[in-house]
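Below: one structure in structure tokens.
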Amino acid sequence: MSAVDLRVAIVLDPSLAPGLLANTAAAIGIGLGAVVTSLGGVVLTEAGGRPFAVGSTRPVPILRADEAGLAGLFQRAVPAPAGAAVVPFPRFARAMHDFADYAAAVPLRDLAQEPLDGVGLAGPAAWVRSLTGSLPLLR
């Protein structure tokens, strides 16, 4: 997949409270950036000579889908094509404040049967569009 063909989308459950929406989007964004490193990691310098890290090299639309829509999206997205990433945020993760606990819980759960608060996608534009093309923006 070329960098030109790369597309990103984060899909969230609109019934979440604003703080939970923000937290879910942030966690998914970190996951996508860690897997698809071309999404960030660029340092630019502004006219005053101050360097800063770029948040994203691509637009990141935040879309919405209800619980059933998120479940279907996750199931259609996995397995992802080569070079793509799928980052789900299962609702049970919110109660865990230690990553080791989360990592131990995941193999015991079927994410296709778990409520998801959000799903992030990064990959070939046609693949991401085929999964998210009919979803509205979160407003």
Side-chain angles (χ1 to χ4, degrees):
M1 170 180 55
S2 73
V4 173
D5 188 42
L6 182 63
R7 189 173 183 98
V8 180
I10 295 177
V11 185
L12 302 176
D13 180 343
S15 71
L16 295 172
L20 297 179
L21 283 169
N23 174 262
T24 304
I28 290 171
I30 289 170
L32 289 173
V35 175
V36 184
T37 57
S38 64
L39 291 176
V42 176
V43 175
L44 299 176
T45 303
E46 49 92 58
R50 292 173 287 273
F52 64 95
V54 172
S56 176
T57 61
R58 295 276 183 263
V60 183
I62 307 293
L63 308 172
R64 66 181 181 174
D66 62 16
E67 189 175 308
L70 285 165
L73 171 66
F74 175 71
Q75 291 175 50
R76 288 189 320 276
V78 181
V86 177
V87 178
F89 191 109
R91 190 160 297 149
F92 73 84
R94 198 163 304 287
M96 300 182 167
H97 303 290
D98 180 21
F99 180 75
D101 293 341
Y102 175 70
V106 168
L108 305 174
R109 305 213 184 213
D110 178 354
L111 292 189
Q113 303 303 316
E114 294 284 342
L116 300 174
D117 285 350
V119 176
L121 305 168
W127 174 71
V128 174
R129 254 196 295 334
S130 74
L131 294 167
T132 63
S134 65
L135 297 176
L137 285 171
L138 179 68
R139 295 186 187 268

(request) Could you tell me whether a side-chain N or O of E46 sits under 3.5 Å from a main-chain N or O of G49, the two making a donor and an acceptor? (result) yes
(request) Give a yes or no on whether the backbone of G72 and the side-chain of R76 come within a donor-acceptor separation of less than 3.5 Å. (result) yes
(message) Using the rule that Ile, Leu, Val, Met, Phe, Trp and Tyr join whenever any side-chain heavy atoms are under 4.5 Å apart, tell me whether L135 and V78 fall into a single cluster.
(response) yes
(message) Quick check: do F74 and V11 have side-chain heavy atoms less than 4.5 Å from each other?
(response) no
(message) Counting C-beta onward and ignoring hydrogens, is there a side-chain heavy-atom pair between T24 and R94 closer than 4.5 Å?
(response) yes
(request) Using a 4.5 Å cut-off on heavy atoms from C-beta on, say whether the side chain of S56 contacts that of V8. (result) no
(request) Identify the two heavy atoms, one from A112 and one from Q75, that lie closest to each other, and give their separation to 0.1 Å. (result) O-NE2, 3.5 Å
(message) On a heavy-atom basis, which atom in W127 and which in A122 lie closest, and how many Å separate them?
(response) CZ3-O, 3.7 Å
(message) Is there a path of hydrophobic side-chain contacts, each under 4.5 Å between heavy atoms, that joins I28 and I30?
(response) no
(request) Treating Ile, Leu, Val, Met, Phe, Trp and Tyr as nodes and any side-chain heavy-atom pair under 4.5 angstrom as an edge, say whether L131 and L116 lie in one connected cluster. (result) yes
(message) Please say yes or no: joined through hydrophobic side-chain contacts below 4.5 Å, possibly via intermediate residues, are V36 and L73 part of one cluster?
(response) no
(message) If you compare all heavy atoms of P81 against all heavy atoms of P124, which two are closest, and at what distance to 0.1 Å?
(response) CG-CD, 4.2 Å
(message) Quick check: is L137 connected to V119 through a chain of hydrophobic side chains (ILVMFWY, heavy atoms under 4.5 Å apart)?
(response) yes
(request) Could you tell me the separation between the CG atom of L21 and the CD1 atom of I10, rounded to the nearest 0.5 Å? (result) 11.5 Å
(message) For R64, give me all partners under side chain to side chain donor-acceptor pair (under 3.5 Å), at least two apart in sequence or on another chain.
(response) none
(request) Nearest 0.5 Å please: distance from the CZ atom of F92 over to the CG atom of D101. (result) 11.0 Å
(message) Quick check: closest heavy atoms across A9 and T132, and the distance to 0.1 Å?
(response) CB-CG2, 4.1 Å
(message) Quick check on side chain to side chain contact (heavy atoms under 4.5 Å, CB included): which of L20, D117, L70 does F89 satisfy it with?
(response) D117
(request) Please report the closest heavy-atom contact between R7 and A125, naming both atoms and the distance. (result) CB-CA, 3.7 Å
(request) Give, for atom CG of L138 and atom CG of L63, the distance between the pair rounded to the nearest 0.5 Å. (result) 8.5 Å
(request) Hey, could you give me the CG/CG distance between L16 and N23, rounded to the nearest 0.5 Å? (result) 9.5 Å
(request) Heavy atoms only: give me the nearest V43-P51 pair and the separation to one decimal. (result) CG1-CB, 4.0 Å
